[in-house]
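Please read the structure below before turning to the comments.
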Amino acid sequence: MISIAIDGPSGAGKSSLSRRLAAELGYIYVDTGAMYRTIGLYVLRSGADTEDEDAVAALLSGIRLEMRYVDGVQHMFLNGEDVSGLIRTEEVSMAASHVSAHPSVRAFLLDAQRALAKDNNVLMDGRDIGTVVLPQADLKIFLTATAQDRARRRYEELVERGQQVDQAQILREVMERDERDIHRQTAPLRQAEDAVAVDTTGNSLEESYRQLLEVVREKFQRMEERT
Ligand code: DC
């Protein structure tokens, strides 16, 4: 099985680019952020403090998380309910960032993520895929862009979805989330030593996709030459 790991901070274009690349390659796309978001939603609904590790850990046994593919698109099911749309709000983004810092939450998801890569060709995106989840991935990419650029993209995306948001607020949240993702104790966001860095600052999604495709082509060409 072949696996591609794409990590990077939020808003670098990871999901849109990964989804498209996976479709082009015929791999399963696994959006691990959606898993953390689903847990974040569950904790928010329960009324517990998302930053309280013990409270969150106690809730995990009540969560049945499933990923199903509907017309090739990943849908997240929380105890049987399709929550794919509900997990895309800023409130859930923040909750996901909080719960993903807890080791019990990361352990809860690790086996499921690895099992997916064992049985399928996968393109998995997240923060710790190349460093923790799939350290043996065939190709690791670290996708970045400046915080300003990522906040602008996030803002445009949310406006397009009809949400009322403040751009300065989005930038503050992006920076706050970066800070937490980078400095947490367990599986912090960092570039794996053998990852290829792709900086998409200032590029359109189309340009970023070309950049990414170039890296993939080069890597697979080298793999073919070696075999
Ligand atoms: O990629 P995203 O914005 O949907 O991720 C939501 C949150 O989940 C983000 O704050 C970081 C966290 N996350 C993580 O810690 N590890 C992953 N592999 C994926 C996401």
Side-chain angles (χ1 to χ4, degrees), residues 3-19 22 29-44 50-51 53 56 60 63 65 67 73-76 78 83-117 122-135 137 140-145 147 149-151 153-155 157-158 161 163 165 170-192 195 200:
S3 52
I4 298 181
I6 301 192
D7 291 303
S10 57
K14 272 194 321 282
S15 351
S16 336
L17 295 169
S18 300
R19 190 174 301 118
Y29 167 51
V30 183
D31 171 1
T32 60
M35 297 175 168
Y36 288 100
R37 285 171 180 273
T38 304
I39 295 180
L41 174 69
Y42 184 85
V43 176
L44 279 179
T50 51
E51 291 189 86
E53 155 106 72
V56 172
L60 293 176
I63 299 180
L65 229 166
M67 253 177 48
V73 178
Q74 174 184 308
H75 282 244
M76 289 305 311
L78 172 60
V83 294
S84 313
L86 298 174
I87 58 174
R88 297 293 159 195
T89 64
E90 281 306 292
E91 192 191 10
V92 174
S93 296
M94 208 42 96
S97 180
H98 288 155
V99 300
S100 66
H102 304 320
S104 50
V105 172
R106 305 206 71 86
F108 180 74
L109 293 178
L110 188 62
D111 288 346
Q113 291 166 352
R114 285 192 177 150
L116 283 163
V122 291
L123 193 159
M124 196 175 285
D125 81 5
R127 304 293 188 285
D128 62 334
I129 310 306
T131 51
V132 176
V133 182
L134 304 176
K140 300 178 187 176
I141 293 171
F142 196 75
L143 204 66
T144 55
D149 215 54
R150 291 183 284 118
R153 290 182 206 169
R154 191 71 151 197
Y155 172 76
E157 198 181 296
L158 292 171
R161 274 197 222 126
Q163 294 186 27
V165 281
I170 298 280
L171 177 60
R172 273 195 300 276
E173 286 175 4
V174 162
M175 291 169 85
E176 197 182 311
R177 230 172 325 142
D178 281 1
E179 189 63 21
R180 202 174 11 253
D181 292 349
I182 291 166
H183 295 293
R184 69 178 174 221
Q185 292 283 315
T186 316
L189 169 66
R190 68 174 177 84
Q191 182 177 339
T200 66

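Nothing fancy with the numbering, it's 1 onward along the sequence. As the structure is a prediction and not an experimental result, all values here were calculated from the model. In listed order, ligands and their atoms are each counted from 1.
Residues Arg153 and Ser16 bring no donor and acceptor atom of their side chains to less than 3.5 Å of each other. Remark: the Thr89 side chain and the Gln163 side chain contain no N/O donor-acceptor pair separated by less than 3.5 Å.
Side-chain contact between Val133 and Thr32 is absent, with no heavy-atom pair separated by less than 4.5 Å. Looking only at side-chain heavy atoms (C-beta outward), Phe108 and Leu65 come within less than 4.5 Å of each other.
Checked by atom type and distance alone, the side chain of Arg106 pairs as donor or acceptor with a backbone atom of Ser100 at under 3.5 Å. Of the possible polar contacts, none joining the Ser3 side chain to the Val122 backbone as a donor-acceptor pair under 3.5 Å is found. At distances below 3.5 Å, not a single donor-acceptor pair connects side-chain atoms of Ser93 with backbone N or O atoms of Arg88. Of the possible polar contacts, one joining the Lys140 side chain to the Pro135 backbone as a donor-acceptor pair under 3.5 Å is found.
Heavy-atom separations between Arg184 and ligand 1 include at least one value shorter than 4.0 Å. Using a 4.0 angstrom heavy-atom cutoff, Met94 does not count as in contact with ligand 1.
Considering both main-chain and side-chain atoms, Thr32 comes within under 3.5 Å of ligand 1 through a nitrogen or oxygen pair. Below 3.5 Å of separation, one finds no N or O of Ser10 facing any N or O of ligand 1. Looking at ligand 1, you'll find an N or O of Arg127 within less than 3.5 Å of one of its N or O atoms.
Set against the non-hydrogen atoms of Arg37, the atoms of ligand 1 under 4.0 Å away are 2 (P), 3 (O), 4 (O), 6 (C). Each of the atoms 9 (C), 10 (O), 11 (C) of ligand 1 lies under 4.0 Å from some heavy atom of Asp181. Near Ser97, the atoms of ligand 1 lying under 4.0 angstrom from a non-hydrogen atom of the residue are 10 (O). The distance from ligand 1 to the heavy atoms of Ala96 drops below 4.0 Å at these ligand atoms: 6 (C), 7 (C).
Looking at atom 12 (C) of ligand 1, its nearest protein heavy atom turns out to be Ser100 OG, 3.5 Å. Remark: minimum distance from atom 8 (O) of ligand 1 to any protein heavy atom is reached at Tyr36 CB, 3.5 Å. The nearest protein atom to atom 16 (N) of ligand 1, hydrogens excluded, is given as Arg106 NH2, 3.0 Å; this is a heavy-atom distance.
Counting heavy atoms under 4.0 Å from ligand 1, residue Met35 does not touch it at all.
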Review point. Passes side-chain hydrogen bond (donor to acceptor under 3.5 Å, both in side chains), Ser97 versus Arg177? Steps please.
Key: CA-CA 6 Å; Ser97 180; Arg177 230 172 325 142; 5.3 Å; no
